[in-house]
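Written below as structure tokens is the structure these notes are about.
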Amino acid sequence: MRSRRWILFALWGVACAFLVIVGIIAALLMLRGRADAIEQGRTRAILTAAGAEAVVNRTFLGIDVLLAGLADLAQPGGDEHEATDPQRSQRLLVDAVKRTLFVRDIALVSRDGTVVAASLPTTVLSGLEFPRGFVEATFEQEAPSLNISQPTESFASREMVLYFARPFGTLAAVAVVPLRQLASALSPSGMGEPLTITLERDDGQLIVSEPPSGLPAAQRVAQPLHPEHRDGSAHIGLGRIDGAPALVAARDLLHGGLVLAVSIPMESVGARWSGDRALVLTVSAILVMVILSTAGVTHWYIRRLDLARQAIQDNKDWLDQALASIRDGLLLCDSEHRVVAWNRRFIELFPSLTAVLKPGVHYDVLVRAAVQAMLPDATDAERDAVVRRRLSDHGSGHSESEYEVRSDLLVHVTDAETPSGGVVSVYRDVTSTERELARSREAVRAAEEARMHSIATVCRQISEPANTALGMIEFVSRGRMDECAHRYANWAREATRQVLAVVDNMLDMSRLSAGAVQSASEAFVPRALLDDVVARALDTAAGKRCSFSVRLSPDLPDSLWGDARRLRHALFNLLKVVCEHGSSRTIEVRADHELQGDRQVLLRLDLCTAGAGAVDCTRGSSSLREIFRSLDPSEPASLALELSRKVAELTGGGLFFDDHAPSCVSFKAAFSPVAELPATADRSIGASFFSVEQLKEEK
């Protein structure tokens, strides 16, 4: 909890630091933008002032040079007292006016203000109205120079004009310049922001301004500019017209007492960077929102992560408790066979792994350490074999194996693959289980032996009296008796034989079921064995009114190796059941064999009712499959049939039915071939095809 608080404190501390940085950067950008705007305004004012100064000086010099060139008109022949020729002067003045664009009219004026000659005839007639003291100030100059008047309204054109005068003895040349024409010359081209250009005297008296100020002529526009502020640099001061804060750049003109000033209002300077300031503020606000939202989302995510981590820890605690409560040892490895987790029971089963068991260790290290503890006295080769076996089982992902960890501990290991490719291994202590299973197997074996002993006892107690009775019946049958008594003796003999057959079947079935089969393998001749079985079946079939037809394959092996006694018993039981329960009077027996490799011969005996190869084997009667299925399990025939099936299965065969011939049953049993029949074996074989009548005749 404290760690989470420190993380949140650090988060919001960093967010606040970023906010401060954004604020500082925004302030610096705005200050820098304002400074750049002011610097651009200064540059603009300086350049405008320099350009306007050049224009005004050039204009004034042009007018001064023009007026200075009229000295010959004012002093013909260089004599001040010589009279001026008006006509000649007018022509020359007209030519002079044509040589300049600024001057509208040029006149020669005497000391009393009378127009002696002018380029315009109307000027000579009406005269010029000069500002007070202008003419006197022109002639009173110590050194002749250009004198500029205040703006004056022209009597002829009713517009504001300026008079430029230069004295030549008794006369002075006066040029009339429209004020608007001079103002247009002062106006800079490509003006980026509003500015004011003023032409004023050094005492602050306004001569002309662009744009026009609307102030009366000869009115002071502001405080006179200090000489150190007329160096051409831009200074922050008061505007020359409205007195508002502005950038002012002033320069002295060539003609003494004249000052050119350029004023750019600070309001217009600020308007240049107001857009940049709005952009900086907008971007700063967006950054602040992003920082705050990021900090808020991170705070929420940290809180959710903390809750998830707490839930994971709780689940892990529950999982650890669940794993600890499991009685089996658990070990989980990832897809690269590195250890991920285990429970306490695993440590209890393998205490020697405590030193090496940790997350991330390879499973091979655990196996080698465990095998070293399990087999301390074994050789390296033996340990490597056990290690390879365990790694192979673990790598397969689906195996079960058992290992003796100690003399008193047997562990059963089950490996299962996880969906991610890992392996979970379950280690179960099966020592007590194996002991219980051993005791249970011993008890089952003892019970089976007791059951077999009891069955054998019962069978012996039944077979001994039955054999005695059978012997007595045979003895009595040899004596003289009538036909009825002889028939009764035959019935008694047959019943006794059936009892003995049932007893033999019960005894063999109990042995087969218990697995206590003692095989007496020997070499035998298949043909002779089949002849004997069929011959024995003849006695049983004599009273059933059924006949046998036997077909033995000429390719039957001469000799086989196996339990001939059980095979003879099984075949006899099968023939007897078919003869007793089959609905047909003709039973066809066909014998053949199949090779299964070099060491196995599959002996096949087919029993078919209603004639071999018949299209309709049943001929209206039930098939052998239905007959065998309908047998009552308590009947002796069912026991005999089951005994035949078990004998066939013990040899790798069985009883089979053909779907296309339901009235045929196949008995298959596998035996080993014999290269040469021993001399003691019976080589007698029966006919390849014979019937019951032929066998009776041979007997």
Side-chain angles (χ1 to χ4, degrees), residues 56 59-60 63-64 66-68 70-71 73-74 80 84 89 93 97 102-183 185-186 198-210 212-225 240-241 252-261:
V56 173
T59 302
F60 286 4
I63 295 174
D64 193 9
L66 178 65
L67 295 179
L70 299 177
L73 293 176
E80 297 180 0
T84 303
S89 298
L93 292 176
V97 170
F102 286 95
V103 178
R104 172 174 293 181
D105 190 11
I106 300 177
L108 297 178
V109 182
S110 61
R111 289 181 176 270
D112 58 358
T114 303
V115 176
V116 177
S119 62
L120 296 177
T122 56
T123 303
V124 177
L125 296 175
S126 60
L128 295 176
E129 185 178 355
F130 298 104
R132 181 180 300 177
F134 173 71
V135 177
E136 292 79 1
T138 301
F139 284 99
E140 291 178 356
Q141 298 182 57
E142 295 181 359
S145 61
L146 185 65
N147 188 20
I148 303 173
S149 70
Q150 292 294 326
T152 304
E153 185 177 359
S154 173
F155 175 76
S157 61
R158 312 305 297 176
E159 63 178 348
M160 302 299 294
V161 297
L162 286 179
Y163 295 107
F164 294 83
R166 187 176 181 85
F168 300 103
T170 59
L171 295 178
V174 178
V176 181
V177 178
L179 192 62
R180 60 179 179 80
Q181 197 163 349
L182 182 60
L186 294 177
T198 59
L199 178 63
E200 54 188 90
R201 300 186 185 278
D202 55 3
D203 60 355
Q205 188 176 12
L206 179 65
I207 296 178
V208 65
S209 66
E210 177 60 29
S213 61
L215 297 175
Q219 180 176 346
R220 296 183 184 275
V221 295
Q223 293 292 330
L225 290 172
R240 304 306 296 163
I241 299 299
D252 290 326
L253 300 180
L254 294 177
H255 298 81
L258 295 181
V259 177
L260 181 71

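Note that the structure is a prediction, hence the values are computed from the model and not measured. Nothing fancy with the numbering, it's 1 onward along the sequence.
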Hey, mind stepping through V176 and I106 against side chain to side chain contact (heavy atoms under 4.5 Å, CB included) and telling me if it holds? CA-CA 6 Å; V176 181; I106 300 177; over 6 Å; no
Working for side chain to side chain contact (heavy atoms under 4.5 Å, CB included), residues D252 and L258: CA-CA 6 Å; D252 290 326; L258 295 181; over 6 Å; no
Criterion side chain to side chain contact (heavy atoms under 4.5 Å, CB included) on L66 and F164, from CA distance to verdict: CA-CA 11 Å; L66 178 65; F164 294 83; over 6 Å; no
Derivation of the side chain to side chain contact (heavy atoms under 4.5 Å, CB included) call for F60 and L254: CA-CA 9 Å; F60 286 4; L254 294 177; over 6 Å; no
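At a threshold of 4.5 Å between non-hydrogen side-chain atoms, the residues P151 and L162 count as touching. Between V161 and V177 the shortest side-chain heavy-atom distance does not fall below 4.5 Å. I148 is not listed as a side-chain neighbour of Y163, based on a closest heavy-atom distance of 4.5 Å or more. Contact annotation: the side chain of V109 never approaches that of V116 to less than 4.5 Å [non-hydrogen atoms, C-beta and beyond].
A175 and I63 make their closest contact through CB-CG2, 4.1 Å (heavy atoms, listed as atom of the first residue, atom of the second, distance). Between A107 and T123, the shortest heavy-atom distance links the atoms CB-CG2, 4.4 Å. Looking at every heavy atom in both residues, P131 comes nearest to T152 through CG-OG1, 3.0 Å. Across all their heavy atoms, A173 and F168 have their closest contact at CB-CE1, 3.6 Å. A pairwise comparison of heavy atoms in L67 and R166 identifies CB-CB, 4.2 Å as the closest pair. F130 approaches G113 most closely through the heavy-atom pair CE1-O, 4.0 Å.
Interatomic distance, OG1 of T198 versus CG of L225, reported as 7.5 Å (0.5 Å rounding). Rounded to the nearest 0.5 angstrom, Q150 CD and R132 CZ are separated by 13.5 Å. Here the CG atom belonging to L199 is positioned 8.0 Å from the CG atom belonging to L206, to the nearest 0.5 angstrom. Of the inter-residue distances, the one linking R180 atom CZ with M160 atom CE reads 13.0 Å to the nearest 0.5 angstrom. Between the CG atom of L260 and the CG atom of L253 there is a distance of 5.5 Å, given to the nearest 0.5 Å. Here L108 contributes atom CG and T114 contributes atom OG1; the two are 12.5 Å apart, rounded to the nearest 0.5 Å.
Residues passing the salt bridge (Lys or Arg N to Asp or Glu O under 4.0 Å) test with E153, sequence neighbours excluded: R158.
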Please table the atom pairs, donor to acceptor, closer than 3.5 Å between any side-chain atom in residues 133-142 and protein atoms at least two apart or in another chain.
residue : atom : partner : partner atom : Å
T138    : OG1  : F134    : O            : 2.8
T138    : OG1  : N147    : ND2          : 3.0
Q141    : OE1  : S145    : N            : 3.4
Q141    : OE1  : S145    : OG           : 2.2
Q141    : NE2  : T138    : O            : 3.2
Q141    : NE2  : S145    : O            : 3.3

